[in-house]
Amino acid sequence: MRKPKREHLLNSIYAHFKLLGAKPRSVRCQYMTTSTSLTLREIFSPGGLISQHLDGYEFRQEQLQMSHEVSRALTDAEHLIVEAGTGIGKSFAYLIPAISLALRAEQTVVISTNTISLQEQLVTKDIPFLQRVLPRDFNVVLAKGRRNYLSRRRLKNLLSYERGLFDTLEEVDEVGEIKEWVNLTVDGSRADLPWQPNPQVWDKVASDRDNCLGRNCETYDTCFYFKVRREMRNADLLIVNHHLLFSDLTIRRDSGAAAGILPDYDYLIIDEAHHLEATATNHASVNFNNTRVKWFLDSLYNERSKEGLATHLKSPQLKDQVVDAREQTNKFFNSIVHAIGAIEGGGLGGTLTERIDKGDFVENVLDAPLLDIERTLKRLRDKAETDDDEQEITAHHRNCQRLRDELDMIIRQNDPDYVYWAEISTRGRTPRILLNATPANINQMLQDHLFREKNSVVMTSATLSTNRNFAYFKARVGISECRELLAHSPFDFKEQVQIHIPKGMPDPNSSEFIAAVIAKIQHYLKLTHGKAFVLFTSYKMMDEVYDAVAPDLEDMGISTFKQGGDLSRTDMLQAFREDRDSVLFGTSSFWEGVDVRGEALSNVIITRLPFEVPTHPVMEARVKQIKESGGNEFFEFSLPEAILRLKQGFGRLIRTQTDKGIVVILDPRIKTRSYGKQFLASLPACEIVED
């Protein structure tokens, strides 16, 4: 039977080693592969298993070292932090020990990534390769969030509704195309569609926790979601993303039950772990916005199409209550705008973020009409004539309850560990108004519900350390005792990279700084004839510099791409790769997670050290906590965050052993301030040119 209890796990592993006639400690690093006849060294070394089957594979001592450490952590049921420099090949370094543990101990190992690109690399390249060359078979399942899967029952019910349920003929056509696609798809996930459906259409056919009959559903045996659930229970490796991982942890925490989205597991590997705190914070947050309320009310009764659940159930009372709730919704969100101040001079695309530091800052006029709807839905559910109608009403009833509970929590501010804030965005035709409740710190939650609950959590990324240690990362995520490894990149940075630090640059707060930046950027872009990323910390500075530099670059035949323009991030990157003499001007999202190999990227220009001004309400709260505890917010928060960000920006340049180029740092504080040494010490040893 799969999945032995946790307390017997180590005994089973050590019993395995005893059968080999060896002492556990002397062999556990060597025999963490899928076959007892192969050691990790025999797999990774020159002439070993990988090099025999993978063209161009090069032995890296750091990869072998990381694999040994992952093996030890999994075997000894310890947590591990690994900073794995670019080029180490960290995926193989953790996949092979994970496969070994999963097969030997009959345990599912969960592997979580932040980006789709890394997930695709694992499931389409790295894992299929290992399945071909390793001597034992193993099962791998890619898990997605439930709402990624189509519900056959909901689609069938939707097709029985009148055309008026939709706002446009295009939406009706999309449902027809989904009906045809459902007979062809293998996994029934949205990603398998050859086109992206309208969110409002997919919302009506997606598998939904509240709107599910479970085993009582006539489509249970062919349900796409439950098919994946069954496969997950027998997986050796379960590949997820951070959002699904923390959705599962949040459900387990809030419900107090062991059952979650994922099957029970005790072993977890988190790749791209520098996103751990942010993702956990996001999933522990509560948000309430006008778009969400509109979608809910429209699903009950759309005044334009005259359709919705109220029409389907022939309930005039519910229709009238929705109309009243919509009026109170407008009143409520207008009061929020008035309470935190209107956006002045922001125009289209403006955003205002304000902390709300007192409870009941506006009157909750929305609670009463939502309560009326909730009571009516309960009565209608009790009178439902079919199971499908009962389940549809139940789903809306639960949604209404959540809306009321979450709004009440934010308005009353009844949890002192949360930061309450509002955001008004006019990046579209209709202003988006959000109310948020965010934990100031997530470390205790992670300690209680992740690190204390799991046998072993392995966290890895290329950017986790500051000042060559993990003290800052460990404090932020709430882990005290664990194994640690700094595995440096095998690349020869002294030969591949020059760091240019121009002399005589004015202070970034000086009025002369922008002009000096423009002049230096023009100089360095001419030096490499484009082939560059120019990275900024603000849109305002990027726009000003771009407007000054772009015309001259165009005259030289150098194409320019600016974040926020007509092209999407993906299209910009593709165009940049194809045009080898181009320049990309970008802000935060281009400092990390971008992989451009070869000559196309030969120059990365850092305009300012990436200090984040703590004006966001959550950042303000974290800084305040540090001050109140007697700490120094600059050295305990601002500086380590900026160091990590600089490492990410620097890491865009060298992606392979043949890449070469320059990194230009235009901020003079890296040399004129005492803390500048910490920035340089965090980067690989390179030739530094002060010109």
Side-chain angles (χ1 to χ4, degrees), residues 145-147 151 153-158 160-161 165 199-200 202-220 223 225 247 250-251 254-257 259-261 286-303 305-329 332 364-412 435:
R146 179 169 192 156
R147 295 190 65 81
S151 165
R153 183 183 64 82
R154 295 193 75 198
L155 175 63
K156 177 184 175 182
N157 291 342
L158 187 65
S160 69
Y161 279 21
L165 189 62
Q200 289 179 294
W202 187 258
D203 183 65
K204 293 180 174 70
V205 298
S207 181
D208 184 81
R209 185 171 155 217
D210 291 336
N211 200 331
C212 178
L213 293 172
R215 293 181 180 274
N216 295 324
C217 179
E218 63 180 357
T219 67
Y220 176 77
C223 175
Y225 174 69
S247 293
T250 301
I251 288 173
D254 293 345
S255 65
I261 301 170
V286 174
N287 66 76
F288 188 94
N289 62 74
N290 57 335
T291 303
R292 184 179 165 198
V293 178
K294 179 183 183 301
W295 276 39
F296 171 67
L297 296 178
D298 282 350
S299 70
L300 292 173
Y301 180 63
N302 188 318
E303 291 185 82
S305 65
K306 309 300 182 187
E307 290 293 336
L309 186 64
T311 302
H312 176 72
L313 298 174
K314 298 182 174 62
S315 173
Q317 182 184 30
L318 185 56
K319 288 182 184 178
D320 292 342
Q321 288 172 338
V322 170
V323 172
D324 178 52
R326 192 169 276 116
E327 292 177 0
Q328 296 304 315
T329 298
F332 174 75
N364 188 357
V365 297
L366 192 49
D367 183 69
L370 287 178
L371 178 59
D372 289 340
I373 290 173
E374 184 182 320
R375 288 169 174 166
T376 298
L377 288 171
K378 185 178 184 301
R379 287 194 296 270
L380 291 170
R381 181 184 61 191
D382 294 339
K383 298 177 182 178
E385 297 180 358
T386 68
D387 289 344
D388 284 331
D389 281 351
E390 181 181 352
Q391 196 62 42
E392 193 72 35
I393 299 168
T394 297
H396 282 82
H397 182 262
R398 289 173 179 168
N399 195 1
C400 191
Q401 285 180 318
R402 275 196 296 271
L403 286 171
R404 290 186 59 233
D405 291 344
E406 292 172 5
L407 178 58
D408 181 70
M409 183 259 192
I410 295 173
I411 294 295
R412 292 174 57 196
L435 294 177

How close do [X] and [Y] get, counting heavy atoms only, and between which atoms?
X: V205; Y: L155; answer: CG1-CD1, 3.9 Å
X: L297; Y: I373; answer: CD2-CD1, 4.0 Å
X: N364; Y: L407; answer: OD1-CD2, 3.2 Å
X: D203; Y: R147; answer: OD1-NH2, 2.5 Å
X: R404; Y: E374; answer: NH1-OE1, 3.0 Å
X: D298; Y: K294; answer: OD2-NZ, 2.6 Å

Pair R379-T376, side-chain donor/acceptor within less than 3.5 Å: yes
With sequence neighbours left out, the residues meeting salt bridge (charged side-chain N to carboxylate O under 4.0 Å, His left out) with R292 are E406
Residues forming a side chain to side chain donor-acceptor pair (under 3.5 Å) with R146, sequence neighbours excluded: S207
Test your reading of the model: is there a side-chain donor-acceptor pair from [X] to the backbone of [Y], 3.5 Å cut-off?
X: K383; Y: L380; answer: no
X: T311; Y: K306; answer: yes
X: W295; Y: Q200; answer: no

Note, L309 side chain near L377 side chain (heavy atom, < 4.5 Å): yes
Report the relative orientation of the aromatic rings in F332 and F288; use parallel for angles under 30°, tilted for 30 to 60°, perpendicular for over 60°. perpendicular
Please output the side-chain donor-acceptor pairs of residues 210-218 that fall under 3.5 Å, not counting sequence neighbours, one pair per line with the distance.
residue: D210; atom: OD2; partner: R402; partner atom: NH1; Å: 3.0
residue: D210; atom: OD2; partner: R402; partner atom: NH2; Å: 2.4
residue: N211; atom: OD1; partner: R153; partner atom: NH2; Å: 2.6
residue: N211; atom: ND2; partner: E392; partner atom: OE1; Å: 2.9
residue: N211; atom: ND2; partner: E392; partner atom: OE2; Å: 3.3
residue: E218; atom: OE2; partner: K156; partner atom: NZ; Å: 2.8

